[in-house]
Amino acid sequence: MAWRPQEGGLGEICGLLEQHISPTSDKSVIWKQLQHYKQFSDFNNYLAFIFAHAEGKSVEIRQAAGLLLKNNLRSSFRTLDPAHQQYIKSELLPCLGAADKHIRSTVGTIITVIVQQGRIFGWPELLQALVHCLDSNDLNLMEGALAALLKICEDIPQELDSEIPGLTERPIDAFLPRLFQLFKSPHVSIRKLSLGSINQFIILMPTALFMSMDQCLQGLFVLAHDPIAEIRKLVCAAFVQLVEVQPAVLEPHMRNIIEYMLQANQDADDEVALESCEFWSTYCEAQLDPELLREFLPHLIPVLLSNMAYAEDDESLADAEEDESIPDRDQDLKPRFHSSRSHGLDDMKDDDDEAVNIWNLRKCSAAGLDILSDVFGDEILPTLMPLVQAKLSTSDARSWKEREAAVLALGAIAEGCVIGLFPHSPEIVAFLIPLLDDKFPLIRSITCWTLSRFSKFIVQGVGHQKGYDQFNRVLMGLLQRVLDTNKRVQEAACSAFATLEEEAAEELTPHVAIILQHLLCAFGRYQKRNLRILYDAIGTLADAVGGELNQSRYLDILMPPLIAKWQLVSTSDKDLFPLLECFTSIAQALGTGFSQFAEPVFQRCICIIQSQLLAKASVDPLSAGVQYDKEFIVCSLDLLAGLAEGLGSGIESLAAQSNLRDLLLQCCMDDASDVCQSALALLGDLARACPVYLHPRLSEFLNVAARQLNPSEVKETFSVANNACWAIGELAVKVHKEVSPIVMTVVSCLAPILQQAEGFNKSLVENSAITLGRLAWVCPEMVALHMEHFMQSWCTALSTIRDDIEKEDAFRGLCATVCKFFLDSLVDEIKEIYIL
């Protein structure tokens with residue numbers, strides 16, 4: 001018997017949905033009632049019925065029923081009674097042609113969820129319905145089908161390129177010709193939806209689309225001049241994606257496409273201009289022939305420079321007027337992510353913090369100019385520099401945006417055009433320094449960034465008096481801007497100064513006192529957002545000058561406010577992350593000098609790790625007193641590693657009074673790779689500093705680390721494997737023969753990495769070679785058994801490693817293994833002689 005809704009239940013649910021969409025209703029009460037209804041097996045049937053048939057109800061109620069149905073099906077579709085599944089499907093298909101566009105849009109999202117859960121072959125009627133709708137002349141049916149198809153293409157395009165039992169062709173084979181045909185539709189919505197669907201397949205590039213590329217390109221060329229900006233934007237997006245994944249198909253048309261994209265880059269619609277601007281970076285990153293693009297540079301460069309000026313509606317214009325007295329808003333606090341500690345891996349931190357802000361035409365144009373300078377180098381200077389000089393020569397208040405764009409352009413080309421700019425760099429830097437005092441905040445902030453891009457040159461000049469004086473002027477200029485009253489300038493200056501610190505390193509030594517005075521003065525003035533950047537600048541200073549910081553006159557300036565903030569910030573506050581990172585750098589720089597501050601820092605790290613692990617294991621997270629967040633564990637492990645590196649054997653007395661050993665073993669086995677990665681880094685640092693402390697659970701640590709070297713998983717988790725490999729090597733040189741139970745397992749894992757080195761991360765290959773050498777040093781007889789299988793690749797890997805104590809250990813092991821191998825061979829030969 002077909003399912004039918006009960007009038008009473010229908011009325012109750014409609015009433016509940018009406019309350020649900022009311023802005024004055026108690027959402028928590030309604031949520032509980034909805035959860036109660038979910039217990040009934042046919043609740044989703046009611047929602048489907050209301051969505052499809054409640055013509056007397058408002059569209060908002062029907063839409064609310066549809067969205068609730070979608071959410072329910074996402075988690076429970078596969079467990080529904082098959083009869084209920086079929087009923088819901090049958091009610092949804094007629095809604096594709098609903099008169100109301102909101103209903104048509106919502107049904108597409110529900111259909112996509114069902115396809116995700118039940119696969120396309122589980123709903124053959126859907127394919128028939130979509131084809132029927134596309135072939136009709138009914139605009140509602142066509143729009144509804146295309147909207148649903150677009151959502152499927154966005155979320156699960158591979159479903160339409162799969163074999164369907166009982167069908168002679170894949171769904172994509174039926175849809176592509178129809179979508180291409182609809183490019184010619186007189187209806188804007190149809191053209192836009194059909195092109196949007198095609199674009200979702202470009203990155204995937206199924207065979208059907210590749211074989212239809214001529215037809216696709218012809219359609220794109222026609223739509224390229226569509227009067228509707230949204231459609232021109234989709235055309236530009238299609239060309240950008242094609243350049244990225246299949247540039248060869250564009251080669252016969254590339255000149256015309258470049259001309260079109262150059263024209264689109266000047267479109268009155270900012271979104272079209274932005275989408276087309278992506279083309280230049282993508283073209284260069286695809287390493288296509290630069291010759292074709294070269295002839296367009298005299299036309300392209302002025303367009304990019306023009307688009308680098310702030311637009312009137314740019315959000316930064318409003319933000320730029322905020323001074324330090326205005327409290328940060330929640331949206332001002334960018335999400336921040338801690339990078340787990342890794343031995344030997346390159347720092348993968350993005351040096352452009354602007355990346356998390358809204359991407360716009362200005363930033364895209366600057367990125368395009370940057371990559372053009374990388375590809376064409378000094379060739380762009382004859383076109384660009386006269387334009388930059390003309391903009392910089394203006395002085396009236398109305399043209400400040402043009403001056404700001406010119407300063408941005410200088411920063412964008414600073415690295416790519418380094419040879420051509422080098423002779424003029426003193427003059428460029430000298431011109432920029434006064435702009436640090438410009439009355440417009442955005443000119444001051446961009447000048448900070450551009451000076452940071454010239455940091456390498458600025459530091460290189462300190463060997464002669466003029467260069468040294470200029471370095472001092474830049475350093476003091478940036479420090480003064482660190483104390484700017486404008487928050488945007490504070491941020492730019494702090495970031496730029498951190499870049500200068502990294503480049504200058506020991507050259508900062510004579511200036512440590514004045515730097516600390518400025519940074520710690522800022523510490524008392526900055527709000528949350530800029531405090532995070534300030535912590536980074538303080539940590540970078542510690543990394544740059546190292547042990548020089550370990551003087552009482554510096555520590556008296558640096559440590560009291562940091563310790564006060566450390567005590568003030570809650571253990572569950574994410575503002576603790578950058579502070580933990582800052583303390584890590586300071587602990588490493590001060591070495592044993594940090595011992596006077598170490599105990600409370602150590603104890604708090606242990607407390608954080610312990611409470612977070614408890615929260616993770618608890619059924620009720622609140623019972624642990626904190627909400628689980630693995631970043632707290634990662635940052636604390638990394639700070640403990642910094643303490644171990646800085647204090648050396650001095651950390652043993654702190655560790656002995658704690659349960660660090662047990663917590664560390666638990667973290668080494670954590671299912672979160674970044675927790676495991678940092679735990680293994682700490683294991684290696686503790687092995688160096690106090691191996692005796694690890695001894696009671698040594699075999700467990702060795703086995704856990706060895707398991708991370710599984711050859712089938714190393715490529716996916718190379719950062720974890722890298723640290724595990726290094727930690728095993730550090731343990732080997734401290735505990736010697738006690739590593740023997742895992743030696744053969746580790747050798748069998750490391751040998752394939754060395755033999756196929758080109759397929760692995762460079763740091764992992766180097767650490768593998770070193771650890772193999774260290775194992776060979778302590779257990780040469782075991783490694784010698786298999787030496788002939790990896791000897792050549794082992795030597796090759798070692799030859800590329802810089803000379804240091806680790807390489808020295810590895811060569812000791814290599815020599816010990818070779819001696820053992822030939823000694824055993826000689827004994828065997830002597831035995832054979834005597835037997836004969």
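- Listed for the Asn265 side chain is no donor-acceptor partner under 3.5 Å among the backbone atoms of Leu304.
- Look at Glu491 and Arg529 and you find a salt bridge, because one of the NZ, NE, NH1 or NH2 atoms lies within 4.0 Å of a carboxylate O, short of that distance.
- Side-chain atoms of Ser445 never come within 3.5 Å of backbone atoms of Val489 as a donor-acceptor pair (strictly under, hydrogens ignored).
- One N or O on the side chain of Ser197 and one on the backbone of Leu193 form a donor-acceptor pair closer than 3.5 Å.
- Ring planes of Trp400 and Phe440: parallel class, angle under 30° (limits at 30 and 60°).
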What pairs of donor and acceptor atoms, side-chain ones from residues 382-392 against any protein atom, are under 3.5 angstrom apart with sequence neighbours left out?
from, atom 1, to, atom 2, distance (Å)
Lys391, NZ, Glu402, OE1, 2.3

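- Sorted by first and then second residue, the pairs that involve residues 241-263 and meet side-chain hydrogen bond (donor to acceptor under 3.5 Å, both in side chains), not counting sequence neighbours, are Arg255-Glu295.
- The residue from Arg232, Arg191, Lys184 that alone fulfils the salt bridge (charged side-chain N to carboxylate O under 4.0 Å, His left out) condition with Asp226 is Arg191.
- Under 4.0 Å is where a charged nitrogen must lie from a carboxylate oxygen, and between Lys466 and Asp469 no such pair does.
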Exercise for the section: Could you walk me through whether Phe422 and Phe457 pass the ring-ring contact (aromatic ring centres under 6.0 Å, His included) test, one step at a time? Expected result: CA-CA 8 Å; Phe422 186 81; Phe457 163 79; 5.7 Å; yes

Handout entry: Worked verdict on Phe279 versus Val243 for side chain to side chain contact (heavy atoms under 4.5 Å, CB included)
Key = CA-CA 8 Å; Phe279 182 82; Val243 162; 3.2 Å; yes

Exercise for the section: Could you give me the CA-CA distance, side-chain angles and deciding distance for Cys417 and Ile380, then say whether side chain to side chain contact (heavy atoms under 4.5 Å, CB included) is met? Expected result: CA-CA 8 Å; Cys417 299; Ile380 71 172; 3.8 Å; yes

